[in-house]
Number of protein chains: 2
Amino acid sequence: MYGSANVSERQSQAPALAISTVIFALRTDPSSGRSEIWLPLVRRIRQPHLGKWALPGGPLGARESLQDAASRNLRDTTALDPTYLEQLYAFGGLDRSATQRLVSIVYWALVRPDQADLARDSENVRWFRAAEAVGLAFDHDEIVAYALERLRGKVTYGSVAYHFLGDRFTLAQLRGVYEAVLGKHLDPANFRRQLRSAQDIAATDEVLQGGRNRPPRLYRYTGPHSGAPAPGTSTSGAEPPTAPAS
Amino acid sequence: MYGSANVSERQSQAPALAISTVIFALRTDPSSGRSEIWLPLVRRIRQPHLGKWALPGGPLGARESLQDAASRNLRDTTALDPTYLEQLYAFGGLDRSATQRLVSIVYWALVRPDQADLARDSENVRWFRAAEAVGLAFDHDEIVAYALERLRGKVTYGSVAYHFLGDRFTLAQLRGVYEAVLGKHLDPANFRRQLRSAQDIAATDEVLQGGRNRPPRLYRYTGPHSGAPAPGTSTSGAEPPTAPAS
DNA sequence: CTTGTTAGGGTCAGAATGACTATAACTCAC
DNA sequence: GTGAGTTATAGTCATTCTGACCCTAACAAG
């Protein structure tokens, strides 16, 4: 039933199960002032792929849910709490690791820029521009590319962009997120019009002082905050995914 | 954090890994003529949940990819090949199974109605209306509900409905799929207009004879056929997911 | 007070959408 | 064979959404 393959060669043990996490944060380029997507990677300190950069991850603890394990990845590498955490995909190809059969359940997370600035680089943890994160260990190049694709999808459908920002933000900052994620320029006026009709965003009565131009109004996100779209199983907040697209 | 349960009893071994598959097929109600979504379930022949109905599934073979394992589930329970197969979600809650820690990577599949009619029920395999598939073993109720939600999402975004049908189909049949999945009536004229501007559907020069009304034209699906949106890893056809919304 | 720059309001044409009407082409009852 | 019933298919019309564009408001810097 398992085909003609000779099974005795490989370890016929159960495949190893690991949790990895793609952590996206926003950073502002000091020179251009544009927002960019960054992510932290950890250096491999053992074989295989020793010395290469890889997504933070590790085995699944016997007493933690998948999401808790991803959360722990996030804390361990960046000392941050996620503002957004969602399952990305389960990767289980036969040739992912040369040494053993490995199935990785990958999560992706968003953190706020103010938090990301706190998380300093260390010897074995470094932040990379998402576009420049290539040559990673295992199949992590593909995983990052897929996570970016999912991020673009979620942003265009319009639910997660807020989670990159603090609790008060200007529309220009929010537009910067969209432009960084989608990689294209957006018309400020049309962008404003669309977001005025959006559900989970509300204008405050404050403005941002201190800039050199007209002070922009500050807005607030009113939707589900640590939103993690996941079917019921998990112990933490279970909330049906806001479906359409994907 | 883990509640009042006595945890020391649990096996602290690595979690068991299983693959399950939600298989959707279309059936036409003989009386009303309307299309409905059905799925096959298998009866549990061992503890836990002995005697209850459950999603087809089983352990992951050491030498098969995740997708291959899901394909095998499909063949074993229905003797069918999938026209569409995609990963749904990885479920890993702590309390999914009373006897052991169990992580299930769930796939969902679409099969054609002509094929589904061939797959007869047996003692331990029975087809259920999707809406009536409740009271299942484990957390499979939630999994089915989530799969239906994903199905609705994919249909509205408009890529998978064809996979329910044969290689030639009328627009009325296709509309029946949409109506069965979305659970609402669609205007035939507007539906036609939208699909004429759709990419991967083309009119043939044939019409369907034998009905009692004006013979409808037959259409053909020209897009990616055994489409399985999955990031690069898998050994089989890797094709980027058509993003938005998932 | 002038200039440069961004915030924020508006207009206008084209595209997409939903509700609806009209005609075509077939079967069936009689 | 003729009319009734039913579905296929085309078209119309008002509303909404979208992208491109313009204009004024409000600030800082010189």
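What you are looking at is a predicted structure, and each value in this text was computed from that prediction instead of being measured. Below, chain A is the first sequence line, B the second, and so on; all start at residue 1.
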Problem set entry | Euclidean distance, atom NZ of residue A:K184 to atom C1' of D:dT18 [Å, nearest integer] | 12 Å
Exercise. For the base of C:dA24, is there a side-chain donor-acceptor partner from B:R214 under 3.5 Å away?
Worked result: yes
Problem set entry | Residue B:N190, side-chain atoms from C-beta onward, closest of C:dG18, D:dC21, C:dA25 | C:dG18
Exercise. With a 4.0 Å cut-off on heavy atoms, is A:R193 in touch with a base, just the backbone sugar-phosphate, or nothing at all?
Worked result: base
Exercise. So what does B:A189 touch, heavy atoms closer than 4.0 Å: a base, only the sugar-phosphate, or nothing?
Worked result: base
Exercise. In Å and rounded to the nearest 0.5 Å, what is the CZ to CZ distance from B:R217 to B:R168?
Worked result: 12.0 Å
Problem set entry | Ring geometry between A:H163 and A:Y84 (parallel below 30°, tilted from 30 to 60°, perpendicular above 60°) | tilted
For this session: Ignoring the backbone of B:R212, work out which of C:dC26, D:dA10, C:dT27 is nearest its side chain.
Result: C:dT27
Exercise. Within the side chain of A:R220, is there an N or O that forms a donor-acceptor pair under 3.5 Å with the backbone of A:D167?
Worked result: no
Problem set entry | Value in whole Å for how far the P atom of D:dA8 lies from CZ of B:R175 | 6 Å
For this session: Indicate yes or no for a side-chain donor-acceptor contact from B:H140 to the backbone of B:A54 under 3.5 Å, with no hydrogens or angles considered.
Result: no
Problem set entry | A:R192 side-chain N/O to C:dG8 phosphate OP1/OP2 under 4.0 Å | yes
Exercise. Rounded to whole angstrom units, what separation is found between the CD atom of A:Q209 and the P atom of D:dC27?
Worked result: 7 Å
Problem set entry | Of A:D187 and A:P215, the one whose closest DNA chain D nucleotide lies more 5' | A:D187
Exercise. Under 4.0 Å: is that the gap between some side-chain N or O of B:Q194 and OP1 or OP2 of C:dA16?
Worked result: no
